[in-house]
A.B. asks: 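The structure that follows is given in the form of structure tokens.
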Amino acid sequence: MDAARLPGTARPEQVVAHVDMDCFYAACERRREPELVGEPLVVGMGYEGGETHGAVATASYEAREHGVESAMAISEALERLPRRADAETPGSDHPETGIYRPVDMDYYESVAEEVRALLHEQSETVREVSIDEAYLDITDTVGWDGVERWASELRDSIESEVGVVASVGVAPTMSAAKVASDREKPDGQVVVRPGEVRQFFADLPVEDVHGVGPVTARELAELGIESAGDLADADPETLEGRFGERGREIWRYARGEDTRTVTPRGDPKSLSRESAFTDAVEDGEEKRRKVTTLARAVADRAHRKEARYQTIGIKVVEPPFDINTRARSLPGPVADADLVESIALDLLGEFEDSAVRKLGVRVSNLDFSAGEQASLGGFEAAGTTESDGSDAVTTESGEPEQAGQTSLTAFDEDGTPSSDDGGRPEHSETDGQASLGDFG
Ligand code: TTP
Ligand code: MG
């Protein structure tokens with residue numbers, strides 16, 4: 001059967017590539033520290049050298065052989081793969097040891113930026129879905145002929161020019177391309193041609209079907225549906241009865257039908273950075289230091305994206321989950337790192353005596369229209385007015401959000417929920433991956 005001509009396939013001729021870096025954070029660490037190549041390497045979020053708290057952001061493939069995987073507690077990872085230094089102490093009976101590193105999002109983001117630049121040379125239609133993956137519509141730039149060579153050259157250039165390793169999947173639909181990029185990881189590529197999509201899915205576990213998470217997979221298993229092929233052959237009415245409209249949707253995906261086309265994202269609505277303390281902090285100086293660092297990181301991000309901002313805000317999380325946001329709007333859009341810092345610090349003043357477990361800084365009301373820098377005139381006026389307490393500068397969204405209702409990553413308004421990977425925000429401009437939640 002020719003999957004490309006199934007009803008519901010929008011552009012039969014569409015050629016979609018999905019590019020996903022291999023053990024991305026670990027690959028970044030290896031890029032700047034080549035001695036780590038070939039070693040079992042674990043990158044921990046909320047982890048600090050020598051400690052046992054935090055969670056695994058990613059593990060190198062060597063570390064995965066020891067059962068270490070993303071989102072596992074560092075303490076558990078350490079049981080499976082002891083830290084190198086620990087094992088060197090006399091009496092250790094662990095011959096196999098690994099190296100642990102804390103996350104460094106700024107660095108990974110800069111590496112991701114280099115990869116993105118390279119991808120944008122390949123096609124005008126690139127959709128970034130997370131820090132390390134993107135879809136490319138290569139219908140016009142590559143087509144089906146020679147697509148294997150294209151994928152292989154792309155992987156080579158990512159490796160030689162950026163210094164990280166990518167896997168690539170190419171298929172007529174986005175969902176098949178995504179599954180394909182995962183099939184031969186690491187350092188792999190898989191091409192699924194039109195007409196092969198349904199066969200390609202047939203033997204895969206049902207979790208590989210777009211829109212099927214672990215919960216749905218369990219329910220499907222109860223119906224005797226374990227492979228994508230089983231799902232494709234199931235009665236759509238029965239599925240609809242059980243799962244509603246989504247039942248028919250996953251049935252279609254399992255049959256290789258996917259009408260989505262690769263659409264580049266619009267500009268983000270806000271940019272933010274946030275960071276958690278290991279234990280709640282009361283010390284004013286320490287809080288100010290963190291906010292200063294975050295403010296600089298956000299201003300730098302905005303600068304790289306050529307975005308000006310009219311609103312500057314902070315997020316303060318008090319234990320256990322009290323999320324407070326404060327923001328101040330300026331009379332016009334600006335681009336001034338010092339102003340981000342001084343307003344963020346000023347807003348933090350209200351929390352001078354609070355115990356704080358997480359802090360964030362955000363700029364919003366973004367303006368991408370002007371390539372040139374904002375004139376400082378508007379700024380200084382704003383700054384002055386602000387300290388005068390004039391109406392020209394307003395404080396907004398001063399209401400504390402309800403504890404437990406807002407996820408810690410909700411600070412990022414621009415994150416659209418991902419339909420690609422079980423709810424991880426697709427367009428997170430925030431620090432770190434949302435899936436790991438908080439690791440205070
Ligand atoms: P992934 O692409 O899912 O994982 P990966 O690149 O580490 O490994 P793979 O070779 O299987 O693609 O995620 C990209 C990065 O996102 C990953 O390097 C670290 C981060 N991440 C988290 O912080 N938490 C998570 O739970 C996951 C899955 C990823
Ligand atoms: Mg990856």
Side-chain angles (χ1 to χ4, degrees), residues 17-32 36-37 39-47 53-74 76-77 98-113 115-116 119 127-135 154-155 158-159 162-169 177-190 207-208 210 213-214 273-276 407-409 412 415 418 420-439:
H18 181 258
V19 180
D20 188 300
M21 307 302 129
D22 300 328
C23 58
F24 183 58
Y25 294 2
C28 293
E29 293 297 337
R30 285 171 163 174
R31 170 173 119 142
R32 62 177 169 188
L36 297 176
V37 173
E39 294 281 3
L41 172 62
V42 179
V43 180
M45 197 171 276
Y47 165 79
H53 50 71
V56 176
T58 196
S60 73
Y61 281 77
E62 294 82 355
R64 292 180 197 191
E65 279 170 25
H66 297 266
V68 178
E69 53 187 47
S70 290
M72 177 180 276
I74 287 287
E76 190 180 343
I99 293 165
Y100 286 70
R101 291 280 182 267
V103 292
D104 179 351
M105 286 311 299
D106 284 340
Y107 183 62
Y108 310 154
E109 187 54 50
S110 71
V111 178
E113 208 60 60
V115 176
R116 280 178 206 138
L119 296 181
R127 183 180 186 88
E128 284 109 12
V129 284
S130 75
I131 190 167
D132 88 325
E133 67 181 301
Y135 292 94
L154 174 65
R155 292 188 308 106
I158 291 175
E159 192 165 359
V162 186
V164 293
V165 182
S167 292
V168 176
K178 170 146 175 121
V179 175
S181 74
D182 204 43
R183 286 288 275 177
E184 302 272 323
K185 262 181 176 293
D187 200 10
Q189 66 178 61
V190 170
E207 286 95 324
D208 281 351
H210 181 66
R273 278 297 168 93
E274 51 186 76
S275 171
S407 88
L408 289 183
T409 49
D412 236 22
S418 167
D420 284 291
D421 41 15
R424 267 210 273 155
E426 254 197 0
H427 192 20
S428 175
E429 292 287 348
T430 196
D431 201 354
Q433 290 278 328
S435 58
L436 284 177
D438 69 289
F439 313 102

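Both ligands and their constituent atoms are indexed starting at 1 by order of listing. For reference, positions follow the sequence shown, starting with 1.
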A.B. asks: Within ligand 1, which atoms have a heavy atom of Y61 less than 4.0 Å away?
C.D. replies: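 Per the distance check, 9 (P), 10 (O), 11 (O).
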
A.B. asks: Is ligand 1 less than 4.0 angstrom away from at least one heavy atom of E133?
C.D. replies: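 No.
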
A.B. asks: Using a strict cut-off of 4.0 Å, indicate which atoms of ligand 1 neighbour a heavy atom of C23.
C.D. replies: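 By the 4.0 Å cutoff, the relevant atoms are 5 (P), 6 (O), 7 (O), 8 (O), 9 (P), 10 (O).
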
A.B. asks: Please determine if A71 has a nitrogen or oxygen closer than 3.5 Å to a nitrogen or oxygen of ligand 1.
C.D. replies: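 No: no nitrogen or oxygen of A71 is under 3.5 Å from one in ligand 1.
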
A.B. asks: Using a strict cut-off of 4.0 Å, indicate which atoms of ligand 1 neighbour a heavy atom of R64.
C.D. replies: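 In order of numbering, the contacting atoms are 5 (P), 7 (O), 8 (O), 9 (P), 10 (O), 11 (O).
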
A.B. asks: N/O of M21 under 3.5 Å from N/O of ligand 1, yes or no?
C.D. replies: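 M21 vs ligand 1: N/O contact under 3.5 Å present.
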
A.B. asks: Quick check: does D182 get an N/O under 3.5 Å from an N/O on ligand 1?
C.D. replies: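 The answer is no, given that D182 and ligand 1 share no N or O pair closer than 3.5 Å.
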
A.B. asks: Would you name the N/O/S atom of D20 that lies closest to the Mg ion (ligand 2)?
C.D. replies: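 Going through the N, O and S atoms of D20 one by one, OD1 ends up nearest to the Mg ion (ligand 2).
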
A.B. asks: Under a 3.5 Å distance rule, please check whether K178 uses its side chain to pair with a backbone N or O of H210 as donor and acceptor.
C.D. replies: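 Answer holds: no.
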
A.B. asks: Checking salt bridge (Lys or Arg N to Asp or Glu O under 4.0 Å) for the pair R30/E62: CA distance, chi angles, key distance, verdict?
C.D. replies: CA-CA 13 Å; R30 285 171 163 174; E62 294 82 355; 3.0 Å; yes

A.B. asks: To the nearest 0.5 Å, tell me how far R273 CZ sits from D106 CG.
C.D. replies: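 The CG atom of D106 is 4.5 Å from CZ of R273, to the nearest 0.5 Å.
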
A.B. asks: Where do M21 and V19 come nearest, in terms of heavy atoms and distance?
C.D. replies: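 Scanning both residues, the minimum pair turns out to be CE-CG1, 3.7 Å.
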
A.B. asks: Give the minimum heavy-atom separation between G188 and R155, together with the two atoms involved.
C.D. replies: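 Of all heavy-atom pairs spanning G188 and R155, the closest is O-CD, 3.5 Å.
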
A.B. asks: When only distance counts, is S70 in polar contact with ligand 1, meaning an N/O pair under 3.5 Å?
C.D. replies: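 No; the residue has no nitrogen or oxygen that sits under 3.5 Å from a nitrogen or oxygen of the ligand.
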
A.B. asks: Verify the neighbour count for atom CZ of R183: are there more than 12 heavy atoms of other residues, nucleotides or ligands below 6.0 Å?
C.D. replies: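 Atom CZ in R183 is not packed in, count stays at 12 or less.
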
A.B. asks: Which atoms of ligand 1 have any heavy atom of T58 under 4.0 Å away?
C.D. replies: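 Contacts of ligand 1 toward T58, numbered from 1: 5 (P), 7 (O), 17 (C), 18 (O), 19 (C).
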
A.B. asks: For ligand 1, which atoms have a heavy atom of D20 less than 4.0 angstrom away?
C.D. replies: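 Counting atoms of ligand 1 from 1, those under 4.0 Å from D20 are 2 (O), 12 (O).
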
A.B. asks: Go through ligand 1 atom by atom and flag the ones less than 4.0 Å from a non-hydrogen atom of F24.
C.D. replies: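 Ligand 1 atoms under the 4.0 Å threshold to F24: 5 (P), 6 (O), 7 (O), 18 (O).
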
A.B. asks: O (M21) to the Mg ion (ligand 2) to OD2 (D132): angle, nearest 10 degrees?
C.D. replies: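 O of M21, the Mg ion (ligand 2) and OD2 of D132 span an angle of about 90°.
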
A.B. asks: Closest heavy-atom contact between A57 and S70?
C.D. replies: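 Nearest pair, atom of A57 first, then S70: O-OG, 2.8 Å.
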
A.B. asks: Heavy-atom contacts with M45 under 4.0 Å: which atoms of ligand 1 show up? List them by number with element.
C.D. replies: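 It comes down to these atoms of ligand 1: 23 (O).
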
A.B. asks: Less than 4.0 Å between a side-chain N and a carboxylate O, is that true for R101 and E39?
C.D. replies: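 So E39 does not pair with R101 through a salt bridge.
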
A.B. asks: Parallel, tilted or perpendicular: which describes the rings of F24 and Y108, with under 30° parallel and over 60° perpendicular?
C.D. replies: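 Ring orientation, 0 to 90° scale: perpendicular.
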
